Amino acid sequence: GGPRPQPGQEVSVKVLGTLEDGGLVERDPRLTFVPGHGDVVQALELGVPTMQPGEVSFFLAAFPYGYGRPGSRRCVRREPDVPPEAPLLFEVTLLEVRDGPDPQPLPPAARLRLGAQRRERGNFHFARGDFAAALHSYRLALRALDGPAAAPPGPQEEEELREQRVKCLNNCAAAELKLERADEALASCEAALSISPDNGRALLRRGQVGPAPPRTAPQPGPAARYRPLLSPQLLAQQGRDAEATLVLRRALELDPASKVIHTELSRLAKRRRPPASA
């Protein structure tokens, strides 16, 4: 017994998830998360806060509360792939409830593991079209990667942390574009380019969104430490196609086979071409 989890508290659960045919898809003797952070499926996000410590519950989850319409490929905790639109049965034991953790110093390997877990969760939300939830997970992944370190990373770990930051920032930009948050998408692209100046994805998305203005405005938000500055308008609204073309040509030099970059360049060229005279 004991009080149910309150908003912001951290929980540890034992979880077993199966398909309708009994196939095991998820097993974790001690899964720790903060409800609302988007680190677990909706069945656990919504169900665990209704439980008391020591309680065992069974949650029959329709696919929107499991792995969504597209299903999911196997990962560390899942055994087989989860088929599309698969309902799931979860057996959950609430082991412990405690106050939400302050950021704790973590060794580099733990930061990488937590960042990858949260980015994968963001990819799941993105695939099902929940771009706001995806963005939230990507920003939580960045927070994990940038959290206090228990020990300095070695050269290989430092490189992996850098690569994961760039991936998360590119993911943020993709979600922000879907949400029509052009300023934030540009900030994420500029942040990725500040870490990896020749990153093709960031160059492409920057060309799609538009160039950054002089860096004089404030830099709010979870990824503020990365943000150079935000453009107030889309490139199309600014009429600065020539600058975007230069950015996309640079991206094309890095990835000459990219059909997406060729398409964007063709679209800009058509828009800049004067109309044919009658």
Side-chain angles (χ1 to χ4, degrees), residues 37-38 103 106 108 111-123 125-126 131-149 153 157-238 240 243-255 258 260-261 264:
H37 276 198
L106 295 175
R111 290 161 61 196
L112 284 164
R113 184 170 58 253
L114 184 57
Q117 174 186 323
R118 290 178 172 176
R119 191 169 72 87
E120 180 183 328
R121 192 71 200 147
N123 291 344
H125 289 308
F126 194 98
F131 304 118
L135 181 58
H136 181 64
S137 291
Y138 295 143
R139 287 176 171 172
L140 286 172
L142 280 171
R143 191 183 304 173
L145 294 169
D146 293 332
E157 291 171 325
E158 182 61 47
E159 177 64 18
E160 290 180 14
L161 285 166
R162 188 185 69 84
E163 290 178 359
Q164 288 299 319
R165 289 186 188 105
V166 171
K167 287 180 180 180
C168 287
L169 287 163
N170 276 324
N171 290 151
C172 283
E176 286 155 350
L177 284 171
K178 291 290 188 180
L179 293 167
E180 299 183 355
R181 300 180 187 177
D183 292 353
E184 295 179 32
L186 177 58
S188 295
C189 292
E190 291 289 320
L193 290 170
S194 73
I195 302 171
S196 179
D198 292 330
N199 184 265
R201 285 180 181 267
L203 285 168
L204 171 61
R205 291 195 177 112
R206 184 184 173 197
Q208 291 173 319
V209 175
R215 303 178 181 183
T216 55
Q219 304 178 16
R225 61 173 293 184
Y226 293 112
R227 298 188 171 187
L229 223 218
L230 316 182
S231 171
Q233 296 177 319
L234 289 168
L235 177 60
Q237 296 169 339
Q238 296 174 334
R240 298 168 70 177
E243 293 175 70
T245 299
L246 290 175
V247 173
L248 290 169
R249 284 176 178 167
R250 182 180 171 197
L252 192 63
E253 291 176 3
L254 299 168
D255 188 4
S258 172
V260 176
I261 299 174
E264 286 295 316

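What you are looking at is a predicted structure, and each value in this text was computed from that prediction instead of being measured.
With sequence neighbours left out, Glu163 forms a salt bridge (charged side-chain N to carboxylate O under 4.0 Å, His left out) with no residue at all. Residues that satisfy the salt bridge (charged side-chain N to carboxylate O under 4.0 Å, His left out) test with Arg111, not counting sequence neighbours, are absent from this structure. Scanning for side chain to side chain contact (heavy atoms under 4.5 Å, CB included) contacts around Glu158 gives Pro153, Arg165, with sequence neighbours left out. Partners of Gln164 under the side chain to side chain contact (heavy atoms under 4.5 Å, CB included) rule, at least two apart in sequence or in another chain, are Leu112, Arg119, Leu145, Lys167. Every residue two or more places apart in sequence or in another chain that forms a salt bridge (charged side-chain N to carboxylate O under 4.0 Å, His left out) with Arg181 is listed here: Glu184. With sequence neighbours excluded, the residues forming a side chain to side chain contact (heavy atoms under 4.5 Å, CB included) with Phe126 are Phe131, Ala134, Tyr138, Ala174, Ala175, Lys178, listed by chain and number. Applying the side-chain hydrogen bond (donor to acceptor under 3.5 Å, both in side chains) rule to Arg121 yields no partners; only residues at least two apart in sequence or on another chain are considered. Judged as a side-chain hydrogen bond (donor to acceptor under 3.5 Å, both in side chains), and not counting sequence neighbours, Glu157 has no contacts. Every residue was checked against the salt bridge (charged side-chain N to carboxylate O under 4.0 Å, His left out) condition with Arg113, not counting sequence neighbours, and none meets it. Residues that satisfy the side chain to side chain contact (heavy atoms under 4.5 Å, CB included) test with Ala133, not counting sequence neighbours, are His125, Asp130.
Separation of atoms CG (Asn171) and CD (Glu120) is listed at 12.0 Å; rounding is to 0.5 Å.
Across every non-hydrogen atom of Ser188 and Leu169, the tightest pair is CB-O, 3.5 Å. Contact between Gly115 and Ala141 at its shortest, heavy atoms only, is O-CB, 3.5 Å.
Taking 4.5 Å as the limit, some side-chain heavy atom of Leu135 sits within range of a side-chain heavy atom of Cys172.
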